[in-house]
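Notes follow once the structure below has been shown.
All heavy atoms count here, side chains included; hydrogens, waters and symmetry mates do not.
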Amino acid sequence: MKRYFLTLTGLLMSTVFVQAQITDTLSISKKEAETLFLKQNLELLATHLEISQAEAQVIQAKLWPNPTLNISEVNLWSNSSSEELPALYRNWGKTSQVGIEIEQLIQTAGKRRKNIALQKMEVEGKRLQFKQLLQNLKLEFRNALTDLQTYQQQQILYTAQIESTSSLLQAYQNQLKEGNISRSEYIRLKAAEMSFRKELVEIHQAWAETQKDLKILLNLPASTVINITDGLHVPTVLVNADDLAVWTQEALDERAEMLVAKNTETIAIQKHQLERAMRVPDVTLSANYDRGGNIMRDFVGLGISFELPIFNLNKGNIKDAQIEIEKTRLELSQTSNTISNEIVQALRNYQQSKALYDQVETDYENHLDDLLQSYYKNFKLRNTSMIEYLDFVEAYLDNKNILLENKKDLNHYFESLQFTLGKEL
């Protein structure tokens with residue numbers, strides 16, 4: 001028992017010491033925290049840059065292929081069989097030959113237009129993926145804020161109980177020295193205090209873990225301590241189950257996951273069209289000039305070249321693109337089914353949690369607090385036995401924790417409902 005107490009004391013002392021080293025406390029409301037989150041979250045900022053990258057690819061797709069310039073047949077020497085031509089520069093080049101050719105690739109079957117359309121769809125896909133990430137991170141962030149509020153309330157709850165128990169222990173220690181109480185009574189009260197301290201340590205550890213997650217989401221220094229100034233309240237929005245059918249249809253039309261799946265299908269269709277266009281050979285136009293190497297001294301000619309579509313008709317890539325369309329359609333159906341079931345489950349969870357909360361009387365918490373004060377005073381006056389007092393304290397803490405957990409769950413389920421619907425209620 002003594003070793004256990006020393007361990008707990010050491011943990012609490014180290015916690016206090018660490019907190020004393022941290023002076024950068026950020027007191028902020030939930031609304032202000034969300035504004036900061038939208039401005040500073042690194043994952044959102046990085047994903048937003050992917051949209052700009054996709055837009056750059058649209059610019060690239062609109063560019064024509066560069067022409068090709070080819071200079072050949074240049075001789076830097078001559079022999080006895082060389083014919084003399086007019087000089088190219090001053091007296092140089094009377095026996096020099098040169099060939100110059102320029103080529104330009106022309107894409108056929110609307111390949112360039114189809115590729116531009118495909119890149120624009122990729123941009124839309126990046127925007128939708130950003131929207132999806134934003135919804136996912138918002139859910140994680142808001143739930144973390146709710147968790148932090150809960151831990152803050154629990155820390156206050158257990159700290160107050162430790163303080164009152166410590167005050168009683170001081171009085172009992174004096175009574176023990178005078179022989180007015182037995183040591184077993186003192187040990188019983190001390191054990192209760194140790195139990196409260198252990199609970200506080202566990203709460204603080206969970207609080208610190210949530211602090212870490214929030215600081216990563218908010219891109220804040222590790223030395224920052226976040227304090228949410230809002231109280232832990234339940235959602236006030238009225239949720240009507242009769243709107244379920246309308247909500248489901250709206251979610252299937254507007255939710256980010258569904259839009260991403262639809263856009264993926266559209267991209268697959270566009271890729272299939274592009275692969276079909278690849279069956280048609282591109283054409284290369286050319287113009288060339290030849291000095292001293294043809295039937296004319298200065299020869300200018302035109303040319304055209306293209307592949308003969310005999311062996312490779314791009315059948316494999318076309319079939320692959322067709323299969324991709326079928327796959328995206330199956331994934332679209334799966335996403336639709338998943339969203340519909342998620343909405344039903346989220347609504348059921350919220351309704352059950354709300355029903356539990358509504359069963360609690362509005363002034364129930366105040367009655368609990370008043371009763372605790374009454375038990376505390378009567379115990380100090382020895383009108384209440386230690387067993388009765390500690391039993392009530394245990395029941396009091398259990399009830400307060402149940403109420404806090406219920407509020408936390410209600411907020412989590414409400415955020416999950418908003419997430420599944422893809423909109424703010």
Inset, instruction - Determine, for Lys408 against Glu405, whether the closest basic-nitrogen to carboxylate-oxygen distance falls under 4.0 angstrom. - result: yes
Legend entry - Main-chain N/O of Pro65 paired to Gln104 side chain as donor or acceptor, under 3.5 Å: yes
Inset, instruction - Check for a donor-acceptor pair, side chain of Asn411 on one end and backbone N or O of His233 on the other, with a separation under 3.5 Å. - result: yes
Legend entry - Among Val234, Leu356, Leu232, the one residue meeting side chain to side chain contact (heavy atoms under 4.5 Å, CB included) with Leu410: Val234
Show me, pair by pair, the donor-acceptor contacts under 3.5 angstrom made by side chains of residues 42-62, not counting sequence neighbours?
residue: Thr47; atom: OG1; partner: Glu43; partner atom: O; Å: 2.8
residue: Glu55; atom: OE2; partner: Arg127; partner atom: NH2; Å: 2.9

Inset, instruction - Using distance alone, with no hydrogens and no angle criterion, decide if Ser29 and Glu32 have a side-chain donor and acceptor under 3.5 Å apart. - result: yes
Legend entry - Backbone of Glu331 reached by a side-chain donor or acceptor of Thr335 within 3.5 Å: yes
Inset, instruction - Verify the distance criterion only: is there a donor paired with an acceptor across the side chains of Gln418 and Glu415 at less than 3.5 Å? - result: yes
In a table with atom names and distances, give each donor-acceptor pair under 3.5 Å that connects a side chain of residues 343-353 to protein atoms at least two apart or in another chain.
residue: Gln345; atom: OE1; partner: Arg348; partner atom: NH1; Å: 3.2
residue: Gln345; atom: NE2; partner: Asn349; partner atom: OD1; Å: 3.0
residue: Asn349; atom: ND2; partner: Gln345; partner atom: O; Å: 3.4
residue: Ser353; atom: OG; partner: Asn406; partner atom: ND2; Å: 3.3

Inset, instruction - Output yes when a side-chain donor or acceptor of Lys111 lies under 3.5 Å from a complementary backbone atom of Val280, and no otherwise. - result: yes
Inset, instruction - Keeping the roles fixed (side chain from Ser416, backbone from His412), state whether a donor-acceptor pair exists under 3.5 Å. - result: yes
Inset, instruction - Could you tell me whether Lys30 and Glu34 have a side-chain N and a carboxylate O separated by less than 4.0 Å? - result: no
Inset, instruction - Could you tell me whether Lys423 and Glu250 have a side-chain N and a carboxylate O separated by less than 4.0 Å? - result: yes
Legend entry - Exam field: side chain Gln135 to backbone Gln132, donor-acceptor pair closer than 3.5 Å: no
Legend entry - Validation row: Phe414, Val237 side chains within 4.5 angstrom (heavy atoms): yes
Legend entry - Side-chain donor-acceptor pair present, Gln154, Asn401, cut-off under 3.5 Å: yes
Legend entry - CG/Leu63: more than 12 non-hydrogen atoms of other groups inside 6.0 Å: yes
Legend entry - Set of residues satisfying ring-ring contact (aromatic ring centres under 6.0 Å, His included) with respect to Phe379, sequence neighbours excluded: Tyr172, Tyr389
Inset, instruction - Flag the pair Lys262 and Glu265 as a salt bridge only when some basic side-chain nitrogen lies within less than 4.0 angstrom of an acidic carboxylate oxygen. - result: no
Inset, instruction - Could you tell me whether a side-chain N or O of Thr159 sits under 3.5 Å from a main-chain N or O of Ile156, the two making a donor and an acceptor? - result: no
Legend entry - Whether Gln152 side chain and Ile228 backbone form a donor-acceptor pair below 3.5 Å: yes
Legend entry - Gln270 (side chain) donor-acceptor with Met121 (main chain) under 3.5 angstrom: no
Legend entry - Qualifying residues under side-chain contact (heavy atoms from CB on, under 4.5 Å), relative to Glu342, sequence neighbours excluded: Arg255, Thr338, Thr420
Legend entry - Atom CZ of Arg276: over 12 foreign heavy atoms under 6.0 Å: no
Inset, instruction - To the nearest 0.5 angstrom, please state how far the CG atom of Leu157 sits from the OH atom of Tyr151. - result: 14.5 Å
Legend entry - Polar side-chain atom of Thr328 near backbone of Glu324 as donor-acceptor pair, under 3.5 Å: yes
Legend entry - Asn337 and Asn341: side chain donor to acceptor below 3.5 Å: yes
Inset, instruction - Give a yes-or-no answer on whether the side chains of Ser166 and Glu193 include a donor-acceptor pair shorter than 3.5 Å. - result: yes
Inset, instruction - Could you tell me whether Glu124 and Lys131 make a salt bridge, using a distance below 4.0 angstrom between a side-chain N and a carboxylate O? - result: no
Without placing hydrogens or testing angles, list every side-chain donor-acceptor pair under 3.5 Å for residues 392-399, not counting sequence neighbours.
residue: Tyr396; atom: OH; partner: Asp369; partner atom: OD1; Å: 2.7
residue: Asn399; atom: OD1; partner: Tyr364; partner atom: OH; Å: 2.6
residue: Asn399; atom: ND2; partner: Ala395; partner atom: O; Å: 2.7

Legend entry - Flag side-chain contact, heavy atom, 4.5 Å: Arg279 against Pro309: no
Legend entry - Basic-acidic side-chain contact under 4.0 Å: Lys407, Glu365: yes
Legend entry - Validation row: Lys212, Glu209 side chains within 4.5 angstrom (heavy atoms): yes
Legend entry - Of all pairs that satisfy salt bridge (charged side-chain N to carboxylate O under 4.0 Å, His left out), the ones with a partner from residues 227-247, not counting sequence neighbours: none
